[in-house]
Amino acid sequence: MFITQKHLPRRTFLRGLGTTLALPLMDAMVPAFAQSSASTQRLGFVYVPHGAIFDRWTPDEVGGDFTFKPTLEPLEPYRERLNIVSGLHHRAADSTAVHSLSPTTWLSGVRPKPTQGVDAYAGVTADQIAATAIGQDTMLPSMELATEDHSGLIGACDRDYGCIYMNTLSWRTPTTPMPMEINPRKVFERMFGQGGSIEARLARAREDTSILDALSQQTKSLQRTLGAHDRQMLGLYLEGVREIERRLERAEAQIEANRDLVIPEAPAGIPFEYEDHVDMMFDLLALAYQADITRVFTFMMARELSNRTYTQAGVAEGHHAVSHHQNRAEKIAMNARIQTYHVGLFARFLDKLDAIPDGDGSLLDHSLILYGSNMSNSNQHDHFPLPNVVVGGRGRMNGGQHVKCVDHTPMTNLLLTMLHKTDVPIESLGDSTDTIAEI
């Protein structure tokens with residue numbers, strides 16, 4: 001073998017959305033004698049509403065020798081790379097306003113301010129803490145996706161809590177909720193702009209940068225003529241401009257890094273069929289991971305109070321309606337079918353991640369994905385015990401277990417554990433008391 005210092009770019013092209021977009025990592029992509037760097041770590045959070053039917057979710061056995069219950073059977077292929085975690089409780093969500101508080105407390109463990117106005121105040125969520133720590137080198141520090149429109153949900157949604165708390169899983173600051181995008185085309189355009197050739201995309205990025213450069217020069221000249229208070233106000237404005245500049249620079253670098261990327265056609269919009277919609281969103285997330293456009297995402301597969309019907313799963317009644325099952329066997333069975341269907345869609349996403357090579361493993365190996373709900377028994381509207389499955393993290397997370405925590409262990413202990421597993425330096429989150437050692 002002749003050894004040279006020549007090597008191919010890491011991202012010669014990628015694969016996603018049914019189009020060939022990437023080569024696997026090959027020896028030719030690594031300079032001679034170079035040591036491979038540590039694999040990129042990624043976090044994802046997938047939310048489903050209305051809890052779980054636990055006798056069809058939680059294994060009877062604790063530890064490694066467990067049998068999957070029917071709802072989680074689609075995850076059987078990933079047994080050695082997952083943990084089913086039971087015994088967790090989210091006290092921050094304990095309230096009669098269950099549907100508003102379930103999404104907004106799921107990743108924070110902080111009960112928000114009771115309000116139906118614009119003065120919402122909630123806890124910073126785990127995804128945004130991770131985005132600050134591991135997402136700043138990517139074009140999109142985080143991505144927030146959903147499948148149902150929340151724009152019409154404003155004002156009062158649930159007792160003393162406004163719809164703003166039900167409309168997102170993610171809070172960047174206590175007063176800044178992150179909007180969740182439901183349109184695959186808009187997600188695509190955030191990732192790739194309007195598409196087109198590399199040269200056209202670079203030209204647009206450079207044009208945007210040049211406009212901001214000119215704006216900065218004008219504002220700096222203006223700053224010299226202003227009083228102290230106005231200079232402070234202008235300074236805050238300039239900081240926003242600088243953040244846009246940083247994002248544009250990252251976007252340009254991303255385009256250059258993926259110079260040979262073959263961009264798939266942009267989605268036409270929101271698919272008519274729910275299953276197609278979910279699959280497309282998962283495809284975009286897999287592509288975003290693969291191209292290192294983001295390392296952190298949240299995805300609300302369905303929203304609280306959703307009355308979507310799931311004829312694909314044999315359920316013609318609305319989800320929220322059947323979630324109030326009143327312990328009737330036929331409605332419990334409907335709930336279980338919907339929940340198994342959702343898990344099956346999630347399993348297809350795992351298949352995608354596991355099929356994409358990444359360093360010494362796959363994208364799934366180098367990601368930690370939480371799948372779960374912040375409601376327990378949908379008929380009782382309680383928050384203990386919570387249904388949670390964590391998948392991925394080969395080499396960083398122990399797998400192949402049903403981990404039974406002491407009853408009422410804070411859910412935030414699991415979130416804190418996941419953050420630590422992805423090298424996010426944080427001592428506590430919400431009401432956390434410790435990490436979960438078994439994981």
Side-chain angles (χ1 to χ4, degrees), residues 46-60 62 69-72 84-112 114 148 153 156-163 165-167 169 300-310 313 315 317-343 370-389 402-415 430-431:
V46 180
Y47 183 86
V48 287
H50 306 156
I53 304 300
F54 280 92
D55 64 358
R56 306 183 191 199
W57 175 289
T58 307
D60 295 327
V62 174
K69 288 296 185 72
T71 299
L72 295 184
I84 302 168
V85 187
S86 62
L88 301 182
H89 184 187
H90 240 332
R91 290 175 177 83
D94 285 343
S95 164
T96 54
V98 290
H99 292 296
S100 280
L101 293 188
S102 289
T104 206
T105 60
W106 189 50
L107 299 180
S108 71
V110 176
R111 179 171 295 189
E148 294 180 271
L153 296 174
C157 267
D158 209 347
R159 298 348 188 246
D160 296 328
Y161 293 87
C163 298
Y165 294 128
M166 193 166 63
N167 291 350
L169 300 170
M300 191 184 290
M301 286 182 65
R303 64 171 175 82
E304 292 290 333
L305 292 177
S306 172
N307 241 349
R308 181 190 297 278
T309 59
Y310 290 93
V315 180
E317 296 185 39
H319 190 188
H320 181 236
V322 301
S323 74
H324 293 268
H325 52 72
Q326 299 177 316
N327 294 319
R328 292 166 56 188
E330 69 276 14
K331 289 192 178 288
I332 289 175
M334 290 180 190
N335 276 278
R337 288 201 294 272
I338 293 171
Q339 290 156 17
T340 304
Y341 174 67
H342 282 154
V343 172
L370 173 64
Y371 178 93
S373 179
N374 201 19
M375 190 178 292
S376 179
N377 183 328
S378 59
N379 194 56
Q380 297 178 358
H381 286 65
D382 55 5
H383 304 277
F384 169 81
L386 293 175
N388 293 283
V389 181
H402 168 208
V403 178
K404 175 64 175 72
C405 299
V406 174
D407 279 355
H408 301 284
T409 293
M411 166 71 186
T412 45
N413 284 15
L414 174 58
L415 299 173
D431 62 347

A side-chain contact here means heavy atoms from C-beta on lying under 4.5 Å apart; do [X] and [Y] qualify?
{"X": "H383", "Y": "W106", "result": "no"}
{"X": "P112", "Y": "Y165", "result": "yes"}
{"X": "V110", "Y": "T105", "result": "no"}
{"X": "H319", "Y": "H342", "result": "yes"}
{"X": "N388", "Y": "L370", "result": "yes"}
{"X": "L107", "Y": "L415", "result": "yes"}
{"X": "H325", "Y": "I53", "result": "yes"}

Looking at [Y], is its backbone amide N or carbonyl O close enough to the side chain of [X] to form a donor-acceptor pair, meaning the two atoms are under 3.5 Å apart?
{"X": "R91", "Y": "H408", "answer": "yes"}
{"X": "S306", "Y": "A302", "answer": "no"}
{"X": "E304", "Y": "P49", "answer": "no"}
{"X": "S373", "Y": "V48", "answer": "yes"}
{"X": "R337", "Y": "A313", "answer": "yes"}
{"X": "N413", "Y": "T409", "answer": "no"}
{"X": "K404", "Y": "G87", "answer": "no"}
{"X": "S376", "Y": "P385", "answer": "yes"}
{"X": "N307", "Y": "H320", "answer": "yes"}
{"X": "H90", "Y": "A92", "answer": "no"}

For this session: Please name the residue in the list S102, P387, P103 that meets the side chain to side chain contact (heavy atoms under 4.5 Å, CB included) test with N374.
Result: S102
Taking all non-hydrogen atoms of both residues, which atom of [X] and which atom of [Y] are closest, and how far apart?
{"X": "I84", "Y": "P59", "answer": "CD1-CG, 3.7 Å"}
{"X": "N379", "Y": "H324", "answer": "OD1-C, 3.5 Å"}
{"X": "Q339", "Y": "G51", "answer": "NE2-O, 3.5 Å"}

Problem set entry | Pairwise distance NE2(H50) to OG(S323) - rounded to 0.5 angstrom | 4.5 Å
Exercise. Can D94 and H89 be said to form a side chain to side chain donor-acceptor pair (under 3.5 Å), step by step?
Worked result: CA-CA 9 Å; D94 285 343; H89 184 187; 2.8 Å; yes
Problem set entry | Verdict with supporting geometry, H402 and S86, side chain to side chain donor-acceptor pair (under 3.5 Å) | CA-CA 8 Å; H402 168 208; S86 62; 2.7 Å; yes
